[in-house]
Every structure is written in structure tokens, then in C-alpha cells.
Amino acid sequence: MQKKNLSVYVITRFGLGQSLESFYYREFIYLENFLAKSIYEQKDYITKWIILIDKETPKHVFEKIKKLAPKNLLYIYSQDPFLSGSVKPDIKNILQSIGVKLNDKIVTIRIDADDVFSSDYVLTVLNTLTANNLSNKYDNILVDTASGVYFYPTKNKLIRVFKKGFSIQALYSVFGKNFLSVYGSSHQELEKK
């Protein structure tokens, strides 16, 4: 599998609309100790890891986020959800600002800050898209995980999930007028589209 025929953008929302210091204290350990490590293990297949944060994220948390991955891999985007009226930033504009151009073939992967990739997740997605030349036949392809592992911190419970619509999904799309991002819709909405 050749990495560079498809660019991969991993999107993680962390604390958008959140103002409680206790949230960051409780949740940062998952971002740092699990997700960041699984991202780093697959850095050769990821173009950018985009972390979406609140404009009011405490400075000490922002400084820790900057250290989660190398500068060439990590892109931190902060938004004021109260001024914009949404906790969902415009991913298309963010991608354009980091160099994605019209007709680029890209994969967006949404993963929650308290989830983790399997060690071969990104490579499996890329192999799925290039098998049988799928990425040259279709403009949009949703790659849903068949199973995954999810940790419920409030219940201190680790479970294996076998279902469609698991919280990690990948969407291949051609960047342009009809561009779809895995971030803009719910899992079920994407499956319908």
C-alpha cells in the first residue's frame, strides 16, 4: 500500500463548549495516554491530526496538547462556540487552511478523544479504499469499523463493540463542491448518504 495517493486527516474534538477545569483534568489522561500513542504508532499513514479545542481551553492544557505529537503531524484549531453558534467547526475551511486543494482525494477519520485506534486501523482503511481501485471508482466511500474497543470512564468499564456506527469512522471523499467529511454528520446520517 502506498500512503501518498490518499491524504489522511484524523479529527478529534476535545473540550469544545467545555468550561470546567475538572473536564480537562479527567479527560486529558485518555487523550494523552491512549489516543495520542495510537496516532503516533500510525503517523506514517496520517497527513495531519486535527484537534478541535475551545478558545477558552486553559493555557496549561493547550501547552500539553501541543506536545502530544510532532509539529508536522499536529494541527490545533480553536473556536469560540458561543460566537460561532456551534460546537462543530467548518472542517472544509480548516482543511483548506492547511493546504487541501480542489479535487484532492482525502480520507477524514473521526475519533473521540477518549477512544483509541487499533494498531493497524489507518492502514486497514487505506488498504480497503485501494483494493479493487475503489477510490478511483467512487467519490465517497464510508469505511466503518466492524468492531472496536471503547472505554467508559464514568463507569470504569472497557468493552468490545461489535456494531455498525462505532465511534470511529473513516470517509473517503474528493475535496470540492460536494465534499463530505466524516465530522459533519452523525454516523447514521453518513451511512444513509
Do [X] and [Y] make a side-chain contact, defined as non-hydrogen atoms from C-beta onward lying under 4.5 Å apart?
{"X": "L16", "Y": "Q79", "result": "yes"}
{"X": "I39", "Y": "L74", "result": "no"}
{"X": "N93", "Y": "Q96", "result": "yes"}
{"X": "Y172", "Y": "T128", "result": "no"}
{"X": "L52", "Y": "I91", "result": "yes"}
{"X": "Q18", "Y": "L20", "result": "yes"}
{"X": "V107", "Y": "K105", "result": "no"}

Rounded distance [0.5 Å steps], [atom1] in [X] versus [atom2] in [Y]:
{"X": "N72", "Y": "W49", "atom1": "CG", "atom2": "CH2", "answer": "13.5 Å"}
{"X": "E41", "Y": "F117", "atom1": "CD", "atom2": "CZ", "answer": "11.5 Å"}
{"X": "I106", "Y": "K101", "atom1": "CD1", "atom2": "NZ", "answer": "12.5 Å"}
{"X": "Y45", "Y": "L6", "atom1": "OH", "atom2": "CG", "answer": "13.5 Å"}
{"X": "Q42", "Y": "S119", "atom1": "CD", "atom2": "OG", "answer": "7.0 Å"}
{"X": "L129", "Y": "N136", "atom1": "CG", "atom2": "CG", "answer": "10.5 Å"}

Check for me, please, whether [X] and [Y] land in the same ILVMFWY cluster - side-chain distances under 4.5 Å, paths through other members count.
{"X": "L134", "Y": "V122", "result": "yes"}
{"X": "I29", "Y": "V116", "result": "yes"}
{"X": "Y138", "Y": "L126", "result": "yes"}
{"X": "Y77", "Y": "I98", "result": "yes"}

(message) Going by the rule side-chain hydrogen bond (donor to acceptor under 3.5 Å, both in side chains), which residues pair with S118 if we only count those two or more places apart in sequence or in a different chain?
(response) D120
(request) Examine distances only and state if a side-chain atom of K37 and a backbone atom of L31 form a donor-acceptor pair shorter than 3.5 Å. (result) no
(request) Could you tell me whether the side chain of T12 and the main chain of I111 form a donor-acceptor pair under 3.5 Å? (result) yes
(request) Kindly state whether the ring of Y24 and the ring of F28 have centres lying under 6.0 angstrom apart. (result) no
(request) Go through the steps for Y75 and I94 under the test side chain to side chain contact (heavy atoms under 4.5 Å, CB included), then give the verdict. (result) CA-CA 10 Å; Y75 180 79; I94 293 170; 3.8 Å; yes
Which atom pair, heavy atoms only, marks the closest approach of [X] to [Y]?
{"X": "G176", "Y": "K92", "answer": "O-NZ, 2.9 Å"}
{"X": "S173", "Y": "F179", "answer": "OG-CD1, 3.6 Å"}
{"X": "I109", "Y": "A170", "answer": "CG1-CB, 3.7 Å"}
{"X": "D54", "Y": "E56", "answer": "OD1-N, 2.8 Å"}
{"X": "L35", "Y": "D115", "answer": "CB-O, 3.3 Å"}
{"X": "T57", "Y": "F62", "answer": "CG2-N, 4.1 Å"}

(message) More than 12 heavy atoms of other residues, nucleotides or ligands under 6.0 Å from CZ of F23: yes or no?
(response) yes
Contacts table for residues 64-71: side-chain donor-acceptor under 3.5 angstrom, sequence neighbours left out:
residue : atom : partner : partner atom : Å
K66     : NZ   : E63     : OE1          : 3.3
K66     : NZ   : E63     : OE2          : 3.4

(message) If you apply the rule side chain to side chain contact (heavy atoms under 4.5 Å, CB included), what do you find for T108 with L95, and how did you get there?
(response) CA-CA 10 Å; T108 53; L95 291 170; 4.2 Å; yes
